[in-house]
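Before any comments, here is the structure.
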Amino acid sequence: MPHLKSLITAIRERDEAADLLAWPGDFELDRGDHVEEVHLASGAALEGFAGDGAGGTFFFCGAGGEERPVLYADSEGGAALLAIGLPELLRLLLVAPWWRDCRTFTAEESQELAADYLEDIPDLVARRDRAAAALGLDLPTEAAALARLRDVAVGAGKDFVLIFTPEGEPYSPLLVD
């Protein structure tokens, strides 16, 4: 993998990768502000760094750089830990941009969802592979990416509870086993 100063910088410098992450990945670096005031129950730092078209936000959790855990919060009061580090998140978004609709985390379910995307974007796999190469990422299979998402969201994720600060109420888990 080529050494990159930062994956965020790499995305900003590579239009094709940024475009693919924006759609179908629904991940844009210029949308890091969340719609409401939130904090982690643990008191760890929370840094919004990207968002989606529906008002959701991707947050780095804790101290450090792009290796920090990544929490996603939607605009409806749901949240889930998606990845441990930005590289893992980008692999998920590139391999299974339909992750939000994967309720069983199975390859079969993912293939059904992928068919809809491939109907709309016939060159999705080729574009995904070029974006991954441009960012220096090796891609897992859909099954491996979804299994890892499940492990992170329902395993480590229990330690990353997002709180709606004004009311002291936790967000609902977006992904459950």
Side-chain angles (χ1 to χ4, degrees), residues 7-8 11 18-62 66 68-121 124 128 142-143 145-177:
L7 272 173
I8 288 174
I11 294 165
D19 290 347
L20 187 66
L21 287 166
W23 185 254
D26 206 9
F27 173 89
E28 297 180 55
L29 290 173
D30 61 355
R31 297 177 180 245
D33 294 331
H34 196 55
V35 294
E36 44 192 28
E37 188 180 346
V38 293
H39 67 275
L40 286 173
S42 68
L46 196 62
E47 177 190 345
F49 69 95
D52 66 18
T57 307
F58 295 88
F59 295 96
F60 283 125
C61 301
E66 294 178 355
R68 292 177 283 173
V70 178
L71 181 89
Y72 171 77
D74 67 18
S75 61
E76 306 295 316
L81 190 69
L82 299 184
I84 306 300
L86 185 57
E88 188 171 279
L89 174 69
L90 296 178
R91 287 182 187 104
L92 172 66
L93 296 176
L94 289 170
V95 171
W98 44 84
W99 65 268
R100 289 173 186 83
D101 297 321
C102 285
R103 296 297 172 217
T104 61
F105 303 102
T106 63
E108 296 77 21
E109 178 186 45
S110 183
Q111 289 167 359
E112 289 174 20
L113 294 164
D116 292 337
Y117 279 74
L118 289 168
E119 192 174 302
D120 293 338
I121 312 169
L124 178 60
R128 174 200 74 192
E142 284 175 37
L146 292 170
R148 179 64 180 157
L149 172 61
R150 181 192 165 281
D151 289 348
V152 169
V154 302
K158 66 184 178 293
D159 296 328
F160 292 86
V161 177
L162 191 65
I163 304 294
F164 176 51
T165 302
E167 296 178 10
E169 290 295 319
Y171 271 47
S172 302
L174 265 182
L175 304 170
V176 293
D177 198 13

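- To the nearest 0.5 Å, the span separating CZ on R91 from CZ on R128 amounts to 13.0 Å.
- Contact annotation: the side chain of F160 approaches that of P69 to within less than 4.5 Å [non-hydrogen atoms, C-beta and beyond].
- Listed by chain and residue number, R148 satisfy the salt bridge (Lys or Arg N to Asp or Glu O under 4.0 Å) test with E88 (two or more places apart in sequence, or in another chain).
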Side chains of residues 93-102: which donor-acceptor partners sit under 3.5 Å, not counting sequence neighbours?
from: W98; atom 1: NE1; to: S110; atom 2: OG; distance (Å): 2.7
from: R100; atom 1: NH2; to: D52; atom 2: OD2; distance (Å): 3.0

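- In terms of heavy-atom proximity, D33 sits nearest to T57 at O-OG1, 3.8 Å.
- At least one donor-acceptor pair closer than 3.5 Å links the side chain of D74 to the backbone N or O of G77.
- Checked against the 6.0 Å centroid criterion, the rings of F59 and H34 qualify as a close aromatic pair.
- The shortest non-hydrogen separation linking V161 to P170 is CG1-CB, 3.8 Å.
- E119 places no side-chain N or O within 3.5 Å of a backbone atom of A115 that could act as its donor or acceptor partner.
- In this structure, L149 CG and E142 CD are separated by 12.5 Å, a value rounded to the nearest 0.5 Å.
- Under the 4.5 Å side-chain criterion, counting only non-hydrogen atoms from C-beta, I163 is not in contact with Y171.
- R103 and L175 make their closest contact through NH1-CD2, 3.5 Å (heavy atoms, listed as atom of the first residue, atom of the second, distance).
- Here the CD atom belonging to E28 is positioned 9.5 Å from the CG atom belonging to D19, to the nearest 0.5 angstrom.
- The two residues G55 and V35 make their nearest non-hydrogen contact at O-CG1, 3.9 Å.
- Looking only at distances, no side-chain donor or acceptor of E37 sits under 3.5 Å from a matching main-chain atom of F164.
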Donor-acceptor pairs under 3.5 angstrom involving side-chain atoms of residues 40-48: please list them, not counting sequence neighbours.
from: S42; atom 1: OG; to: A44; atom 2: N; distance (Å): 3.2
from: E47; atom 1: OE1; to: R68; atom 2: NH1; distance (Å): 3.1
from: E47; atom 1: OE1; to: R68; atom 2: NH2; distance (Å): 2.8

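- When atom types are taken as modelled, the side chain of D26 and the backbone of G53 share a donor-acceptor pair closer than 3.5 angstrom.
- Residues that satisfy the ring pair (Phe, Tyr, Trp, His ring centres under 6.0 Å) test with F58, not counting sequence neighbours, are F27, Y72.
- Between atom CG of residue L86 and atom CD1 of residue I84 there is a gap of 12.5 Å, rounded to the nearest 0.5 Å.
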Residue pair E66, F49: steps toward the side chain to side chain contact (heavy atoms under 4.5 Å, CB included) verdict: CA-CA 10 Å; E66 294 178 355; F49 69 95; over 6 Å; no
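- Checking side-chain atoms of S172 against main-chain N and O of G78 turns up no donor-acceptor pair under 3.5 Å.
- By the 4.5 Å heavy-atom criterion applied to side chains, L146 and T104 are not counted as neighbours.
- The closest side-chain heavy-atom distance from P87 to L7 is below 4.5 Å.
- Residues passing the side-chain contact (heavy atoms from CB on, under 4.5 Å) test with E108, sequence neighbours excluded: T106.
- Under the 4.5 Å side-chain criterion, counting only non-hydrogen atoms from C-beta, L21 is in contact with I11.
- Annotation: side-chain hydrogen bond (donor to acceptor under 3.5 Å, both in side chains) contacts involving residues 76-87, sequence neighbours excluded, are absent.
- The CG atom of L20 sits 6.0 Å away from the CG atom of L124 when rounded to the nearest 0.5 Å.
- Here the shortest heavy-atom pairing between V152 and A83 reads CG1-N, 3.7 Å.
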